[in-house]
Amino acid sequence: MTDQNALTTAPEPGTGPETAVPAPPEPRSPTASQLSPESQTPQLPPAPRDRRKLRAVLRWTAAVLVFAAAGTGTAFGIASQERTDVPGLSTLSDGRWEYPKLAKPTLPPGAPLPFVQENPGEIHYADLEQLLLPVPAGGRPDPALRGEHSRVPVDRYLREYAEDGRESLREHLTEGGLRHIVARGWSMPDGTSVRVFLLRFHTSALAGYYFDAQLGGGPDTMLRPVDVEEMSSYDQEYDNDAKVASTERYVYDEAAPRGPVHVRHAYVTAGDTVALVVVSRKGAAPLVPFHQTVILQNQLLG
């Protein structure tokens, strides 16, 4: 950086009044030629006319070079560090699981999407197994939920609820237009257990009736998942902006006092299909991957 006072040169004695040298032009973005190695060599100003000016110019030039060297060193230091080593640039994991890249399954030829005018029953014509969320990295598949085409009997689904609520669910599913259930489950290295069930009905009206009559949608649900001590309430920390068109989601957290196992669960209604997502663990079930799992499963069904 050059001292602005050094940009005015005193006139020779007898040559007339002082004339100020015009201010330097505004800086512009460097061109490719200016970024070449040759252009990086500092250009010293023309030799001054006396030693005092020479010393001043040399001092300012040295200062410029020192600051330039310091700035270059700092920039290189940041560029060579990991982001987690630099304050303010941390990218530590927030606990999300690493799921495989998701893709919607291919529909049978001529079949419409579930939420279009040509599909008044809001039927998912895709293979229901392909609408199940895949196991994330590090997850160990649950062998009890690995039936043919991922299908499971009604009794296996009912085991996700406390015994006092199972009979009413069984009666409704037997008489209420259920087609079949698919499921997938896994456990994570930290002991978290995950189960996802998709219940397909003949129409969206039948699926909606099952949800309204048996599962409810209020702030508290008395239909207790297994291992819930008292009841579950709306999860106030769930981001309600994470919506998928033509679907609804109801996200719950086990209310205190809890037992040894903490249970979080959610329902997703999407046309002819109702999804149940359960995440549980001894002590405390993780919040972030639970929300992540609900959102991704919702997107697959939407």
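Just so you know, residue 1 is the first one in the sequence shown, and it goes up from there.
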Kindly determine whether V154 and T174 satisfy side-chain contact (heavy atoms from CB on, under 4.5 Å), including the steps that lead there.
CA-CA 9 Å; V154 170; T174 301; 5.9 Å; no
Trace of the side-chain hydrogen bond (donor to acceptor under 3.5 Å, both in side chains) decision for T269 with R249:
CA-CA 6 Å; T269 61; R249 79 275 332 130; over 6 Å; no
Any chance you could lay out the side-chain contact (heavy atoms from CB on, under 4.5 Å) test for L145 and R195, step after step, and finish with the verdict?
CA-CA 9 Å; L145 297 176; R195 285 93 64 204; 3.7 Å; yes
When you look at W97 and T192, which way does the side-chain contact (heavy atoms from CB on, under 4.5 Å) test go after all the steps?
CA-CA 12 Å; W97 293 332; T192 301; 3.9 Å; yes
Going through the checks in order, is the ring-ring contact (aromatic ring centres under 6.0 Å, His included) test met by Y250 and Y267?
CA-CA 5 Å; Y250 303 86; Y267 299 109; 7.7 Å; no
Could you walk me through whether Y209 and F201 pass ring-ring contact (aromatic ring centres under 6.0 Å, His included), step by step?
CA-CA 10 Å; Y209 180 59; F201 293 79; 9.8 Å; no
Verdict with reasoning, L276 to Y157, per side-chain contact (heavy atoms from CB on, under 4.5 Å):
CA-CA 9 Å; L276 167 65; Y157 165 72; 3.9 Å; yes
Start with the C-alpha distance between D253 and H262, add both sets of side-chain angles, then the distance that settles side-chain hydrogen bond (donor to acceptor under 3.5 Å, both in side chains), and finish with yes or no.
CA-CA 9 Å; D253 184 15; H262 179 198; 2.7 Å; yes
Which is it for D235 and H291 under the side-chain hydrogen bond (donor to acceptor under 3.5 Å, both in side chains) test, yes or no, and what are the steps along the way?
CA-CA 10 Å; D235 185 345; H291 289 177; 2.8 Å; yes
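We find the OG1-CZ distance between T293 and R96 to be 11.5 Å, quoted to the nearest 0.5 Å. Rounded to the nearest 0.5 angstrom, E248 CD and K243 NZ are separated by 7.5 Å. Once rounded to the nearest 0.5 Å, the distance linking CD of Q214 with CG of L169 reads 5.0 Å. In this structure, the separation between CG on L206 and CZ on R179 is 11.0 Å, given to the nearest 0.5 Å. Separation of atoms CG (L301) and OG (S246) is listed at 12.0 Å; rounding is to 0.5 Å. One distance of note links CZ of R140 with CH2 of W186; it measures 13.5 Å at 0.5 Å rounding.
Of all non-hydrogen atoms in I295 and A242, the two that sit nearest each other are CD1-CB, 3.8 Å. G95 and V288 get closest at one heavy-atom pair: C-CG1, 4.4 Å. Here the closest non-hydrogen pair linking F290 and V277 is CE1-O, 4.3 Å. Taking each heavy atom of Q130 and P105 in turn, the nearest pair found is OE1-CB, 3.0 Å. Shown here for P120 and S204, the closest heavy-atom pair between the two residues is O-OG, 4.4 Å. A pairwise comparison of heavy atoms in V251 and A266 identifies CA-CB, 4.0 Å as the closest pair.
Using modelled atom types, one side-chain atom of R184 and one backbone atom of L133 make a donor-acceptor pair closer than 3.5 Å. The main-chain N or O of Y161 is found under 3.5 Å from a side-chain atom of R166 such that the two form a donor-acceptor pair. Judged by distance alone, the side chain of R264 and the main-chain N or O of A285 form a donor-acceptor pair under 3.5 Å. In terms of modelled atom types and a separation under 3.5 Å, the side chain of D272 and the main chain of H124 share a donor-acceptor contact. Judged by distance alone, the side chain of R258 and the main-chain N or O of E254 form a donor-acceptor pair under 3.5 Å. The closest donor-acceptor contact from the side chain of N119 to the backbone of L113 lies under 3.5 Å. Without hydrogens or angle criteria, S168 side chain to G165 main chain gives no donor-acceptor distance under 3.5 Å.
With respect to the salt-bridge test (charged N to carboxylate O, under 4.0 angstrom), the residues R281 and D190 qualify. Note on D164 versus R224: salt bridge recorded, some NZ/NE/NH1/NH2 to OD/OE distance being below 4.0 Å. Remark: R170 engages D155 in a salt bridge, criterion side-chain N to carboxylate O under 4.0 Å.
Criterion: ILVMFWY side-chain heavy atoms under 4.5 Å apart, direct or through other members. Under it, V263 and V194 are not part of a common hydrophobic cluster. Follow the hydrophobic side-chain contacts under 4.5 Å out from Y99 and you reach V279 in the same cluster. One hydrophobic cluster holds both L223 and L173 under the rule that ILVMFWY side chains link at heavy-atom gaps under 4.5 Å. Both L132 and L102 sit in one connected hydrophobic cluster of ILVMFWY residues. Membership requires side-chain heavy atoms under 4.5 Å apart, directly or through other members. At a threshold of 4.5 Å between side-chain heavy atoms, the hydrophobic network of Ile, Leu, Val, Met, Phe, Trp and Tyr places I123 and I181 in two separate groups.
Residues E229 and P257 form no side-chain contact, since every pair of their non-hydrogen atoms from C-beta on lies 4.5 Å or further apart. Under the 4.5 Å side-chain criterion, counting only non-hydrogen atoms from C-beta, E237 is in contact with L287. Within the 4.5 Å cutoff, the side chain of R159 has no heavy atoms near those of the V226 side chain. Between P136 and E98 the shortest side-chain heavy-atom distance does not fall below 4.5 Å. Using a 4.5 Å heavy-atom cutoff, the side chains of P260 and K282 are not in contact. The side-chain heavy atoms of V268 and L198, taken from C-beta on, include no pair separated by under 4.5 Å. You'll find the side chain of S233 stays beyond 4.5 Å of the side chain of Y252, heavy atoms only.
Surrounding CZ of R146 are at most 12 heavy atoms belonging to other residues, nucleotides or ligands under 6.0 Å away. With a 6.0 Å radius and a threshold of 12 heavy atoms from other residues, nucleotides or ligands, E118 has its CD atom above the threshold.
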